[in-house]
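These numbers were taken from a predicted model, which means no experiment stands behind them. This chain uses plain numbering: 1 for the first residue, then up along the sequence.
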Amino acid sequence: MSILKSPIDYKILQDELYEALKADELYKLQNDAKIRAVEQRVPTYEHFRQMVNGAHLKPLEPKDTKSKSNSVALWNSMSTNNRSECLPTMYETNETKLNEEKVNEFTNTIPKNYKTFIQMWRNTNDSKIRFFYLYNTRNILKDKIFYSEIPPFYLTDIINTCLEHQKQESLKVEELKAIIEILTTLSKCNRFNLAINFMSDKEKENCSQLLRSLKDKVKNKEIALEENVITSLTKNYQIV
């Protein structure tokens with residue numbers, strides 16, 4: 001039978017079209033990454049190569065992955081008195097009161113590793129709960145959670161969480177210091193500079209806004225030592 005008379009296999013055509021579209025999309029993503037790398041003046045070719053090779057990667061949404069286990073190690077870094085004192089400020093909004101069970105889950109959980117941390121982190125989008133989780137894990141962020149590297153998506157996610165939390169009028173000095181401590185710890189993680197290079201202009205603006213706000217709050221509370229730390233953070237986070 002002549003090939004012209006043979007039936008058309010639409011499944012094969014569909015697969016070929018799909019592969020062609022994927023290749024075209026990958027080309028566009030990598031080309032954009034190359035332009036962004038040049039504009040951001042990445043320090044080495046290795047940084048450039050990693051930005052291009054990772055151009056197609058996308059972070060999972062919170063709905064994509066949920067914790068498969070409710071059995072987690074219990075840990076409490078704050079005394080009962082301190083928690084009862086902080087919870088009304090952290091977890092009550094004008095519209096609604098956050099689910100008490102969810103609050104307790106984050107309050108009494110210590111992540112063993114990066115995977116456990118991310119599973120819990122994805123379980124909520126509420127910045128207040130996330131900040132309390134960061135508050136409890138700030139001392140192990142570098143050595144146990146992000147000991148291998150700090151992924152760009154989670155760096156910006158944490159920055160945004162701190163940015164939202166520090167907007168509270170009732171922000172306490174210990175919470176302010178905790179935010180500065182978290183940012184300092186992240187800046188010491190492996191591949192931090194690479195994560196900074198992956199940040200978009202909008203994400204960099206959020207980071208700049210956070211550091212400016214922290215500096216103003218530190219001045220108002222007259223915490224001289226922390227002001228010097230923020231100056232160093234501004235340089236580390238490449239904020240002009």
Side-chain angles (χ1 to χ4, degrees), residues 59 62 77-78 82-98 102-103 106-107 109 111 117-118 120-142 145-146 150-189 192 195-196 198-240:
S77 68
M78 303 177 69
N82 286 340
R83 188 189 307 127
S84 62
E85 189 176 284
C86 293
L87 282 178
T89 299
M90 290 184 172
Y91 299 114
E92 290 183 7
T93 64
N94 294 330
E95 296 84 11
T96 185
K97 187 174 181 179
L98 297 173
K102 177 71 71 175
V103 172
F106 276 74
T107 302
T109 300
F117 177 89
I118 296 306
M120 289 292 294
W121 186 262
R122 290 171 176 164
N123 272 340
T124 181
N125 286 324
D126 190 281
S127 62
K128 295 181 180 64
I129 296 180
R130 281 186 167 186
F131 177 78
F132 194 68
Y133 192 45
L134 286 171
Y135 186 98
N136 277 349
T137 59
R138 67 190 188 281
N139 294 325
I140 61 171
L141 283 176
K142 180 178 182 295
I145 308 303
F146 300 123
I150 171 66
F153 172 75
Y154 291 110
L155 175 61
T156 56
D157 222 14
I158 291 173
I159 288 173
N160 291 337
T161 296
C162 293
L163 176 61
E164 288 302 312
H165 188 78
Q166 61 83 35
K167 292 179 181 178
Q168 297 182 91
E169 294 183 1
S170 57
L171 185 71
K172 298 182 179 180
V173 172
E174 57 265 30
E175 295 171 14
L176 177 60
K177 289 184 176 181
I179 293 175
I180 296 173
E181 183 180 351
I182 290 167
L183 295 177
T184 301
T185 299
L186 294 178
S187 70
K188 298 177 181 178
C189 290
F192 168 76
I196 290 294
F198 267 106
M199 292 172 65
S200 66
D201 291 340
K202 174 62 176 175
E203 291 166 342
K204 286 186 176 181
E205 174 55 32
N206 288 343
C207 183
S208 177
Q209 182 182 343
L210 171 60
L211 291 172
R212 289 197 305 268
S213 181
L214 291 176
K215 192 170 185 178
D216 290 341
K217 286 181 168 58
V218 164
K219 285 182 178 180
N220 292 337
K221 297 180 183 297
E222 298 181 351
I223 310 176
L225 180 61
E226 301 298 340
E227 187 174 352
N228 294 332
V229 175
I230 295 175
T231 300
S232 298
L233 285 175
T234 301
K235 180 179 180 180
N236 291 338
Y237 281 80
Q238 302 179 21
I239 301 300
V240 179

Legend entry - L183 and I159: CA distance, side-chain angles, deciding distance, side chain to side chain contact (heavy atoms under 4.5 Å, CB included) verdict: CA-CA 8 Å; L183 295 177; I159 288 173; 4.3 Å; yes

Legend entry - For S213, side chain to side chain donor-acceptor pair (under 3.5 Å) partners two or more places apart: Q166, K217

Legend entry - Over 12 non-hydrogen atoms of neighbours within 6.0 angstrom of CG in N220: yes

Inset, instruction - Could you go through the side chain to side chain contact (heavy atoms under 4.5 Å, CB included) check for L155 and I196 one step at a time? - result: CA-CA 8 Å; L155 175 61; I196 290 294; 3.9 Å; yes

Legend entry - Distance in Å, I239 CD1 paired with L211 CG, rounded so as to fall on 0.5 Å steps: 6.0 Å

Legend entry - Distance, nearest 0.5 Å, that separates CD1 of I180 from OG1 of T184: 7.0 Å

Legend entry - With sequence neighbours excluded, residues passing side chain to side chain contact (heavy atoms under 4.5 Å, CB included) with S200: K202, E203

Inset, instruction - Look up atom OG1 in T231 and atom CD in E226, then write down how far apart they are to the nearest 0.5 Å. - result: 11.0 Å

Legend entry - Any residue meeting salt bridge (Lys or Arg N to Asp or Glu O under 4.0 Å) with E227, in chain and number order, not counting sequence neighbours: none

Legend entry - Heavy-atom side-chain proximity of C207 to M199 below 4.5 angstrom: yes

Inset, instruction - Not counting sequence neighbours, list each pair that qualifies as a ring-ring contact (aromatic ring centres under 6.0 Å, His included) and has a residue in residues 204-240. - result: F192-Y237

Inset, instruction - Please step through side chain to side chain contact (heavy atoms under 4.5 Å, CB included) for the pair Q168 and E175, ending with a clear verdict. - result: CA-CA 11 Å; Q168 297 182 91; E175 295 171 14; 4.3 Å; yes

Legend entry - Test ring-ring contact (aromatic ring centres under 6.0 Å, His included) applied to F117 - qualifying residues, sequence neighbours left out: W121, Y133, F146

Inset, instruction - Nearest 0.5 Å please: distance from the CG atom of L186 over to the CD1 atom of I158. - result: 5.0 Å

Inset, instruction - Tell me, please, which residues at least two apart from S208 pass side chain to side chain donor-acceptor pair (under 3.5 Å). - result: R212

Legend entry - Minimum side-chain heavy-atom gap T185-N139 below 4.5 Å: no

Legend entry - Contacts of Q209 that satisfy side chain to side chain donor-acceptor pair (under 3.5 Å) - sequence neighbours left out: none

Inset, instruction - Work out which heavy atom in I150 is nearest to a heavy atom in A195; give both atom names and the distance. - result: O-CB, 3.5 Å

Legend entry - Rounded distance (nearest 0.5 Å) linking atom CG of L233 with atom CG of N228: 11.0 Å

Legend entry - Spacing of CD1 belonging to I140 relative to CD1 belonging to I145, to within rounding of 0.5 Å: 4.5 Å

Inset, instruction - For N160, enumerate each residue passing the side chain to side chain donor-acceptor pair (under 3.5 Å) test, keeping only those at least two apart in sequence or located in another chain. - result: N206

Legend entry - By side chain to side chain contact (heavy atoms under 4.5 Å, CB included) - contacts of I118 (at least two apart): Y114, R122, Y154

Inset, instruction - For residues 154-164, pull every pair meeting salt bridge (Lys or Arg N to Asp or Glu O under 4.0 Å), keeping only residues two or more places apart or in separate chains. - result: R130-D157, E164-K167

Inset, instruction - Sorted by first residue and then second, give each salt bridge (Lys or Arg N to Asp or Glu O under 4.0 Å) pair with at least one member in residues 230-240; sequence neighbours left out. - result: none

Legend entry - Set of residues satisfying salt bridge (Lys or Arg N to Asp or Glu O under 4.0 Å) with respect to E181, sequence neighbours excluded: R138

